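Here is the naming used below: chain letters follow the sequence lines, and residue numbers restart at 1 for every chain. Only this structure's heavy atoms are used, side chains among them; waters, hydrogens and symmetry mates stay out. Note that the structure is a prediction, hence the values are computed from the model and not measured.
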Amino acid sequence: MRDRIAQIPVGKVATYGQIAASLGDRLASRWIGEQLLHGPAAQQPAAHRVVRAGGELGLFHTGDPTDKQRLLESEGVVVVDGKVNLAEYEFCEFAGTAPLADLRKWQQELAERNRLSEMKRGPALVAGLDVSYDGDDGVVAYVLFDYATREMVWSHITRQPVLFPYITSYLSYRELPLHLSVLATAMQASRIADLLMIDGSGILHPRRSGIASMLSALTGLPTIGVTKKHLCGSYLASDLSADRFCDLHVEEKAGPTKLGAAILPTRKTKRPIFVSPGGLVSCDQAEALVSHFMVGKRLPTPIAAADRLSRQSITTG
DNA sequence: GCGACAG
DNA sequence: ATCTTGTCGC
């Protein structure tokens, strides 16, 4: 993205969304904004030449938006009522590849080869995975549980640098390397689960390719994705209940398609969690398997345990 | 102004 | 995800 910002000439501006679009996805505009405000991109000489889609200047890393206005005006850009006339000053001819488009394509390919077949046998061992962050490092915890007794059997933690930023719907590229590392270790220790529960989406994703889906496609293991926030799919808030799942649908050519389900984790909250199959399990199975591990906490036991373990490894050092 | 999109 | 003090409620 730095190279794109550097392309904006003196006397011109570009929008956050345009820069994101030139990288392959305008949904990455929030990330561009973050980098320009807090990240290293803020130090670029052309950082002030990026404005909002409506022409408003937007925030500036100095904390004072008038700094941004002064810099633009010193370059001949007219600012009226805090806005720039984009028709006159917008620069659009960005050069360069669109990496995000390639990453989307890869997700789509994995999604197409993904199967939601029923698990034929119930899992004997279920593992939860979750990631915490410590500066530039990511710490992933893998916690293995006995399905029947719900008791923890084994756990392992892996720490490694995280290279990819968090961009909505591209979470996989940030966290998948961590998951694959810890799974490799579990494999060597002969502690691989029959089913993985991941803190992230499964097919309940814009391209049906959340992190749980990609992990299933890459490992051949059944996976379920569980999130605390809504990513996509529609449901009726009035259907939310602590007693049963309510379906999340997405509009497709063939008609409304169920991609996942939501449930209130306890009777006392109004904030649901969202469950979707990653691969090699059905929606119904995913719901039943998650239910089995719902014991009054916000997340099912394996993920809750992985969350706690990865966090405490950071606090403890 | 409102709505808002995993971690 | 992470930054963070006191505070409300079971």
Side-chain angles (χ1 to χ4, degrees), chain A residues 16-17 20 25-35 37-39 52-54 56 63 100 103-104 107 110-111 128-141 159-180 182 196-216 223-235 237 248 250 259-263 265-278 286 290 296-300 303-304 306-315:
Chain A
Y16 297 101
D25 193 338
R26 69 177 310 152
L27 286 183
S29 56
R30 293 175 305 278
W31 169 61
I32 303 292
E34 269 171 35
Q35 294 303 302
L37 194 57
H38 301 298
R52 292 181 179 168
E56 301 92 2
L100 292 179
L103 298 184
R104 276 209 311 284
Q107 284 185 319
L110 284 189
L129 292 97
D130 190 27
V131 177
S132 293
Y133 294 91
D134 185 12
D136 294 332
D137 281 350
V139 175
V140 61
R159 169 188 286 258
Q160 63 184 226
V162 172
L163 305 172
F164 199 85
Y166 173 70
I167 300 173
T168 297
S169 86
Y170 297 86
L171 173 68
S172 307
Y173 295 103
R174 182 170 172 80
E175 299 193 342
L176 221 33
L178 289 155
H179 288 156
L180 292 173
V182 82
L196 267 25
M197 293 182 30
I198 289 103
D199 196 337
S201 295
I203 62 170
L204 189 58
H205 178 277
R207 296 175 287 285
R208 318 285 172 270
S209 199
I211 186 166
S213 304
M214 293 183 78
L215 197 56
S216 177
T223 66
I224 297 173
V226 181
T227 68
K228 299 175 287 301
K229 288 182 184 168
H230 177 75
L231 174 60
C232 68
S234 56
Y235 65 101
L248 267 76
V250 136
L259 294 184
I263 195 168
T266 71
R267 204 138 292 191
K268 298 178 183 177
T269 182
K270 285 187 81 173
R271 296 163 48 201
I273 60 169
F274 304 87
V275 175
S276 61
V290 167
K297 300 179 107 171
R298 181 153 177 71
L299 292 168
I303 297 182
D307 175 76
R308 194 169 132 273
L309 188 58
S310 63
R311 287 182 132 89
Q312 88 180 29
S313 101
I314 287 171
T315 311

Integer-rounded Å distance: [N] [atom2] and [X] [atom1]:
| X | N | atom1 | atom2 | result |
| --- | --- | --- | --- | --- |
| A:Ile167 | B:dG7 | CD1 | P | 16 Å |
| A:Tyr16 | B:dC5 | OH | C1' | 19 Å |
| A:Leu259 | B:dA6 | CG | P | 16 Å |
| A:Leu171 | B:dA6 | CG | P | 9 Å |
| A:His205 | B:dC5 | NE2 | P | 14 Å |
| A:Arg174 | B:dC5 | CZ | P | 19 Å |
| A:Arg207 | B:dA6 | CZ | C1' | 12 Å |
| A:Leu176 | B:dA6 | CG | C1' | 14 Å |

Under-3.5 Å N/O pairs linking protein and nucleotides 1-5 of chain C:
unit_1, atom_1, unit_2, atom_2, d
C:dA1, OP1, A:Arg311, NH2, 3.0
C:dA1, OP2, A:Lys228, NZ, 3.3
C:dT2, OP1, A:Tyr133, N, 3.2
C:dT2, OP1, A:Tyr133, O, 3.4
C:dT2, OP2, A:Arg311, NH2, 3.3

#### Entry: Phosphate contact (B:dC5 OP1 or OP2) by A:Ser169 side-chain N/O below 4.0 Å
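For B:dC5, OP1/OP2 do not have a side-chain N/O of A:Ser169 under 4.0 Å.
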
### Query
Under the side-chain hydrogen bond (donor to acceptor under 3.5 Å, both in side chains) test, which residues partner A:Arg104, sequence neighbours left out?
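A:Arg104 satisfies side-chain hydrogen bond (donor to acceptor under 3.5 Å, both in side chains) with A:Tyr170 once adjacent residues are dropped.
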
### Partners meeting side-chain hydrogen bond (donor to acceptor under 3.5 Å, both in side chains) with A:Ser132 (sequence neighbours left out)
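Listed in chain order: A:Ser310.
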
Can you check whether [X] reaches [Y] side chain to side chain, under 4.5 Å on heavy atoms?
| X | Y | value |
| --- | --- | --- |
| A:Leu196 | A:Leu129 | yes |
| A:Ile167 | A:Asp25 | no |
| A:Ile303 | A:Ile198 | no |

May I ask you to say what [X] touches in the nucleic acid, namely base, sugar-phosphate or nothing, with a heavy-atom cut-off under 4.0 Å?
| X | answer |
| --- | --- |
| A:Leu27 | nothing |
| A:His230 | sugar-phosphate |
| A:Tyr170 | base |

Spacing of [atom1] belonging to [X] relative to [atom2] belonging to [Y], to within rounding of 0.5 Å:
| X | Y | atom1 | atom2 | answer |
| --- | --- | --- | --- | --- |
| A:Ile203 | A:Ser216 | CD1 | OG | 11.0 Å |
| A:Leu110 | A:Gln107 | CG | CD | 8.0 Å |
| A:Ser29 | A:Arg52 | OG | CZ | 11.0 Å |
| A:Arg271 | A:Thr266 | CZ | OG1 | 10.0 Å |
| A:Glu175 | A:Asp199 | CD | CG | 7.5 Å |

### Query
Heavy-atom count around A:Arg298 CZ within 6.0 Å, excluding the residue itself: above 12?
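Enclosed.
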
### Task
Give the stems involving DNA chain C, where a stem is 3 or more consecutive Watson-Crick or G-U wobble pairs (i with j, i+1 with j-1, and so on) under 3.5 Å.
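Stem list for DNA chain C: none, no run of 3+ pairs.
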
### Query
Within the stacking criterion (centroid distance below 5.5 Å, interplanar angle below 30°), does A:Phe274 stack on B:dA6?
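A:Phe274 vs B:dA6: stacking no.
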
### Query
Can you name the residues that form a ring-ring contact (aromatic ring centres under 6.0 Å, His included) with A:Tyr235, not counting sequence neighbours?
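Partners of A:Tyr235 by the ring-ring contact (aromatic ring centres under 6.0 Å, His included) criterion, ordered by chain and then number, come out as A:His230, A:Phe274.
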
### Stems involving DNA chain B, each a run of at least 3 consecutive Watson-Crick or G-U pairs under 3.5 Å
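As far as DNA chain B goes, consecutive pairing (with distances under 3.5 Å) yields no stem.
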
